[in-house]
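It should be emphasised that the depicted structure is a prediction, and the values quoted were computed from it without experimental measurement. Worth knowing before you read on, the calculation uses all heavy atoms, side chains too, and leaves out hydrogens, waters and symmetry mates.
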Amino acid sequence: MIALKASGKICKDEDGEKSVKDVPHVEDSSTLENVPDVNVGGAPGIEIIPENFKAIRNPVLHYALLLFPWLILLIIVYILANYPLIPGVIMYISGMLAAALSLFAFSVLIKMIPETFRNLWRREIIVGAYPPDSFQNIADEKDSEVTALKTGRLEESFCQFMQELQKMLNHPYQWAMGTGFSLLVFTWDWSHKIEFFIAFIIGLMAWRMVITSIYIWKLGNEFRLEPQLGHPDRSGGLSPLGNLCLWNALIITIPAIHLGGWSILRIFTEKESSFFEISEEYAPLYLWLLSILVVFAVVSFFLPLLKVHWIMEKWRDRKQTRLDQIEHSINQLESRLLNEAEKLDEKEFERIQKELEMMQQVYARNKKLPVWPFNVGIMIKFLVSQTIPVLGIISEVISLVKQATG
C-alpha cells in the first residue's frame, strides 16, 4: 500500500520560494499494479510552473530586447526624414523593419513558452514521467493502465523539467552564439555599426529558439502524454505545442519575407530601372539566404513536434482497436435488423435502432483522430507565411535558368 503525504517542497525557484504546496507525494516505490486509482495527470488546481518563470533572466538583456525593436523603428523614421528614398535606402529600411518585426514576434514567443507548458499541465495531458534512462511509449499501455500509472514524482519531475528549461534558456552559451552571429556581419557589405548589435541580439534570440525546440522534443521523450478525445482544438488538446512552434518558425520567416519580396519585385520591374539593378545585384545572395531560411522555418516547425507526432500515431492506433470493435458491433446490429425484421416487435426494434445510432455517432466522431499537435488553422498560417519566401526562391531560379539558356 502506498502512503501519500502532503509535500510543499517539490518546486522551488532560484530564490528558494515554493511554487507548489500540499502536493501528494509517494513515500515509497511500488509496482504499477499496487498504485491506487488516483488522478495521475496534472491537476488544474496545482501550479507546477512558477509565475516568475523567466525565459530571459538577465534584466539588462530583458529590457534591451523589449526596447530594441522600438529603437529600430525610430532609426527607420530618422532615415525616412533625412535620406532620399532610392532603392538602396528602401531595401535597407525594409531589412531593418523585418528585424524589428522579428524582435516583436520573439517577445510573443518568450511569453508563450511557460504558458504553453502550463496549459498542457492544466489539461491533464501529462499523465506520467518515464523512469531515467528508459523509454516506454504510452501507446504500448492499455487504457486501464494509463489511468493507473504510478504518479510517484510526476509533479516533481515536471517541475524539474521546467527548471532545466529555464536554466538552459539563460545558459552562458547564449553569449557565444550572439558573438558568432555578430561576426557574420563581416561577410556582407555592412554600413553601420548597429548591424553588429542587431546580429548579436539575433544570436541570443536564436539560442532561445533552439532550446525551446529541444525541450518540446524532450517533453515527449521524458513524459507520458495522453491526447484528449474530442478536444475543441482538434489536436487532442496539444495545439499549444503547435502554436509555439508556429511562432518559432514565424521569427525565421519574417526576414525571409523581406528577401522574397525583393526577389519577386525583380519580375515586375523594367530591366533599366534602379529597382531591377539592385535586385539583380543581390540575387545570388538572396537565393542562398532564402533557401536556408525556408529550410530552417520548416525544420523549426515540424522537427520539434515529431516526437509528439509519433506518440499521437500510437495513441490513434490504440484507439482504432476500440473503433474496430464498435464497427463490428454496428455490423452485428445491422445484420440483426436485416435478418430478423419480421420477428422484432416495435420496442425491440426501437431499442436496437437507438443503440445503432449511438454507436454510429461515436464511430463518426472518432474515426479521424488527430496525429499532429496542430490543427488546420495553425497549418494554414504556416503555409501562408511561407508563400512569399517560396515564390522568391522560384523567381530567382527562373531568372537563373533564363540567364543560363539566354
Side chains of [X] and [Y], heavy atoms from C-beta outward: is any pair under 4.5 Å?
X	Y	result
Leu337	Leu356	yes
Ile198	Met96	yes
Leu290	Val390	no
Gln174	Met168	no
Leu71	Leu67	no
Leu219	Leu241	yes

Has the side chain of [X] got a donor or acceptor atom that lies under 3.5 Å from a matching backbone atom of [Y]?
X	Y	result
Asn170	Gln166	yes
Glu313	Val371	no
Asn243	Ser239	no
Arg224	Ala129	yes

To check you understand the geometry: which heavy-atom pair defines the closest contact between [X] and [Y], and what is its length?
X	Y	answer
Phe106	Arg208	CZ-CD, 3.7 Å
Gly220	Lys307	C-CG, 3.9 Å
Leu333	Met359	CD1-SD, 4.0 Å
Ser213	Ser300	OG-O, 4.4 Å
Pro227	Leu238	CG-CD1, 4.0 Å
Asn119	Pro240	CB-CG, 4.3 Å

Can you confirm whether more than 12 heavy atoms, excluding those of Lys218, are under 6.0 Å from its NZ atom?
yes
Report, as yes or no, whether the 6.0 Å neighbourhood of atom CZ on Arg234 holds more than 12 heavy atoms from other residues, nucleotides or ligands.
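Count not over threshold, so no.
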Residues Gln320 and Asp324: side-chain donor-acceptor under 3.5 angstrom:
yes
Does one side chain, of Glu357 or Gln361, offer a donor that lies under 3.5 Å from an acceptor on the other?
no
Taking the six-membered ring where the residue is Trp, are the ring centres of [X] and [Y] under 6.0 Å apart?
X	Y	value
Phe302	Trp372	yes
Phe374	Phe301	yes
Phe53	Phe117	no
Phe68	Phe197	yes

Check against salt bridge (Lys or Arg N to Asp or Glu O under 4.0 Å), Arg318 and Glu226
CA-CA 11 Å; Arg318 185 158 50 85; Glu226 177 69 7; 3.0 Å; yes
Side chain to side chain contact (heavy atoms under 4.5 Å, CB included) involving Ile79 - partner list, sequence neighbours excluded
Ile75, Tyr83, Val89, Tyr92, Ile93
Partners of Leu303 by side chain to side chain contact (heavy atoms under 4.5 Å, CB included), sequence neighbours excluded?
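Side chain to side chain contact (heavy atoms under 4.5 Å, CB included) check on Leu303 returns Val299, Leu306.
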Which of parallel (below 30°), tilted (30 to 60°) and perpendicular (above 60°) describes Trp121 and Phe158?
parallel
Ile110 and His62: CA distance, side-chain angles, deciding distance, side chain to side chain contact (heavy atoms under 4.5 Å, CB included) verdict
CA-CA 10 Å; Ile110 289 301; His62 171 77; over 6 Å; no
Salt-bridge criterion met for Arg351 and Glu348 (N-O under 4.0 Å):
yes
Output yes when Asp233 and Arg123 qualify as a salt bridge under the 4.0 Å nitrogen-oxygen rule, no when they do not.
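Looking at Asp233 and Arg123, the cut-off is met.
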From [atom1] ([X]) to [atom2] ([Y]), nearest 0.5 Å:
X	Y	atom1	atom2	answer
Lys314	Lys319	NZ	NZ	15.5 Å
Arg316	Thr321	CZ	OG1	11.0 Å
Leu103	Leu109	CG	CG	12.0 Å
Met209	Cys245	CE	SG	10.5 Å
Ile86	Met91	CD1	CE	11.5 Å
Lys167	Leu169	NZ	CG	12.5 Å

Not counting sequence neighbours, which residues clear ring-ring contact (aromatic ring centres under 6.0 Å, His included) with Phe296? List them please.
none
Can you name the one residue among Leu305, Ile113, Asn248 that meets side chain to side chain contact (heavy atoms under 4.5 Å, CB included) with Ile216?
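Testing Ile216 for a side chain to side chain contact (heavy atoms under 4.5 Å, CB included) against Leu305, Ile113, Asn248 leaves exactly one candidate, Leu305.
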Using distance only, find each side-chain donor-acceptor pair of residues 363-370 under 3.5 Å and give its atom names and separation, not counting sequence neighbours.
unit_1: Tyr363; atom_1: OH; unit_2: Glu327; atom_2: OE2; d: 3.3
unit_1: Asn366; atom_1: ND2; unit_2: Val362; atom_2: O; d: 2.9

Derivation of the side chain to side chain contact (heavy atoms under 4.5 Å, CB included) call for Leu65 and Ile56:
CA-CA 9 Å; Leu65 288 170; Ile56 304 175; 3.2 Å; yes
Applying salt bridge (Lys or Arg N to Asp or Glu O under 4.0 Å), run through Arg118 and Glu115 and close with a yes or a no.
CA-CA 5 Å; Arg118 187 177 289 117; Glu115 193 59 33; 2.9 Å; yes
Please test Tyr215 against Met162 for side chain to side chain contact (heavy atoms under 4.5 Å, CB included), starting from the C-alpha separation and ending with a verdict.
CA-CA 9 Å; Tyr215 273 77; Met162 293 306 300; over 6 Å; no
How far apart are the C-alpha atoms of Phe104 and Trp70, what are their side-chain angles, what is the distance that settles it, and do they pass the ring-ring contact (aromatic ring centres under 6.0 Å, His included) test?
CA-CA 9 Å; Phe104 283 127; Trp70 296 103; 5.0 Å; yes
Under 3.5 Å, side-chain donor or acceptor atoms of residues 249-265 against the rest of the protein: list the pairs with distances, not counting sequence neighbours.
unit_1: Thr253; atom_1: OG1; unit_2: Ala249; atom_2: O; d: 2.7
unit_1: Thr253; atom_1: OG1; unit_2: Gln386; atom_2: NE2; d: 2.7
unit_1: His258; atom_1: ND1; unit_2: Ser94; atom_2: OG; d: 3.1
unit_1: Trp262; atom_1: NE1; unit_2: Ser94; atom_2: OG; d: 3.0
unit_1: Ser263; atom_1: OG; unit_2: Leu259; atom_2: O; d: 3.1
unit_1: Ser263; atom_1: OG; unit_2: Glu396; atom_2: OE2; d: 2.7

Would you sort out whether Ile76 and Leu80 count as a side chain to side chain contact (heavy atoms under 4.5 Å, CB included), showing the intermediate values?
CA-CA 6 Å; Ile76 292 174; Leu80 289 171; 4.0 Å; yes
Using distance only, find each side-chain donor-acceptor pair of residues 177-184 under 3.5 Å and give its atom names and separation, not counting sequence neighbours.
unit_1: Thr179; atom_1: OG1; unit_2: Trp175; atom_2: O; d: 2.8
unit_1: Ser182; atom_1: OG; unit_2: Thr179; atom_2: O; d: 2.6

